[in-house]
There are 2 protein chains.
Amino acid sequence: MKLALGERRKREKEQRRRIILRAARKLFFKRGYKPVTVSDIAKKVELSKGAIYLYFSSKEEICAQVLLDDIERFHGEVLPIFETGADASEIFIGFAHMYVDFFLKDRELFRMVMNFMLHANNMNLSDDTNKRIILETNRAVSVTENIFKYGIDRGEFILRREDVRTMRNAFWGMLNGIISLHLFIGRESTREDRIRSNVNKCLGIFIEGLKKTG
Amino acid sequence: MKLALGERRKREKEQRRRIILRAARKLFFKRGYKPVTVSDIAKKVELSKGAIYLYFSSKEEICAQVLLDDIERFHGEVLPIFETGADASEIFIGFAHMYVDFFLKDRELFRMVMNFMLHANNMNLSDDTNKRIILETNRAVSVTENIFKYGIDRGEFILRREDVRTMRNAFWGMLNGIISLHLFIGRESTREDRIRSNVNKCLGIFIEGLKKTG
DNA sequence: TCAAAGTATGACCGTAAGTCATTCTCTCCT
DNA sequence: AGGAGAGAATGACTTACGGTCATACTTTGA
């Protein structure tokens, strides 16, 4: 009789999983999700298609894990912003810029995330992946909500606490919406600095609205 | 020798095209874009699959035309709002509510439109369809830009004219973003009145920002 | 050393978009 | 009326891709 997967094997398996993910990421970002086939990924890591399915249950699952890794990385990068002691408006702007920069590095990443949000309901993902999605979603939510609460506590924002959730939605919506429009609609001005300046202006107006007394 | 397509035939062809579109629309909205096959559509209108391709060059083309018809209808419905002589803020709110209501009637419609915006670049659409897309995009843009200009002219909004384009993007982004979040992320509160009230609050804040002097 | 566990393969399957040779049907000219 | 040719329709066929599985190879540990 045999025991379950030895330690070293487990490690090697995890390592191979990561190699596949890296390859998939590169391919997806270069050619887009749909055009990349599972065989393409297999070829790139010198495995057969069947082998890929020993590590991932579906192409969608690969996509989800690529995106989750990136989002986790973003959340890691964004944390220090809260240590600065800046006021809520500055934190907002800082957060928004990090978000924009994050997605401008790989525009296909943003498209994939949006697409994923749109269709996640109809995807068959592993329990583990679903857990990660919920975790990261909650993290994103609480990060932004906390900025609003911080602003309220400091007396910086005129906003009822029960409206924080609404404003959090508006904030995310605005940020994603502006990026979408620039990347996929605007033929003009998709230069990074242009997008950044637009985000600045929009958030400026929004924050003015939050500050306005009476 | 024969002449090109007689008048009556042309009319009948157009009629059949519309019948196919109606059937496709119903199927798409009921089961979603991907799950509906071209054969499903053909079956519903009692034609063979091949016949469908006499009227449309691809499934994507069918989708595009369904969406364009709906967007055109929306633009038709939204025009009267500008005849009311209301102030710019009211027009904004009115416009936003019509937009929200329009998409809440068929949630799949919104998903399809978002998806379309995300991938329109990589679709092979007919020249005619591409023209319609540009036309409708420009219409949407100019509608919102005009509200901003109107607000500036009335002295209602404190906003430089060169920032109108930016604000138009923010407005669209916010609106689409809020709807997206509610429909596809929020497990909680996707009730219509809830979404409407959220849109109200967000736009309220946004408009306050626009009105703020100094 | 050999049996079980684990890893890998690639032919194969199912499905769905899109094509095309063929057939049917209508129109209009003589 | 009749037939020629334009146009409408068909459905079997092609292609492409996600996913599966019987088979075979490799490692491990008793």
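Note that this is a predicted model, so its numbers are computed, not measured. The sequence lines fix the lettering, A, B, ..., with proteins before strands; numbering per chain opens at 1.
Contact check of residues 56-64 of chain A against DNA chain D (heavy atom, cut-off under 4.0 Å) returns A:S58, A:K59. Of the residues in residues 37-49 of chain A, those with a non-hydrogen atom less than 4.0 angstrom from any atom of DNA chain C are A:L47, A:S48. Looking at residues 15-25 of chain B, you'll see B:R16 sit with a heavy atom under 4.0 Å from some atom of DNA chain D.
Here C:dA16 presents its C1' atom at 11 Å from OH of B:Y33, a figure rounded to the nearest Å. In this structure, A:I52 atom CD1 and D:dC21 atom P are separated by 18 Å, rounded to whole Å. Taking atom CG of A:N124 as the reference point, atom P of D:dT20 lies 11 Å away to the nearest angstrom.
Annotation: ring-ring contact (aromatic ring centres under 6.0 Å, His included) contacts of B:F116 (sequence neighbours excluded): none.
Comparing B:E12 and B:V36 along DNA chain C, the residue whose closest nucleotide (by nearest heavy atom) sits nearer the 5' end is B:V36.
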Fill in: Evaluation steps, salt bridge (charged side-chain N to carboxylate O under 4.0 Å, His left out), between A:E136 and A:R139
CA-CA 5 Å; A:E136 293 307 314; A:R139 255 218 275 191; 3.1 Å; yes
Please table the atom pairs, donor to acceptor, closer than 3.5 Å between any side-chain atom in residues 26-35 of chain A and protein atoms at least two apart or in another chain.
from, atom 1, to, atom 2, distance (Å)
A:R31, NH2, A:D40, OD2, 2.7
A:Y33, OH, A:E60, N, 3.4

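Within the structure, no pair that satisfies the salt bridge (Lys or Arg N to Asp or Glu O under 4.0 Å) test touches residues 44-53 of chain B, not counting sequence neighbours.
Within 6.0 Å of atom CG in B:N124, 12 or fewer heavy atoms from other residues, nucleotides or ligands are found, so the atom counts as exposed in its surroundings.
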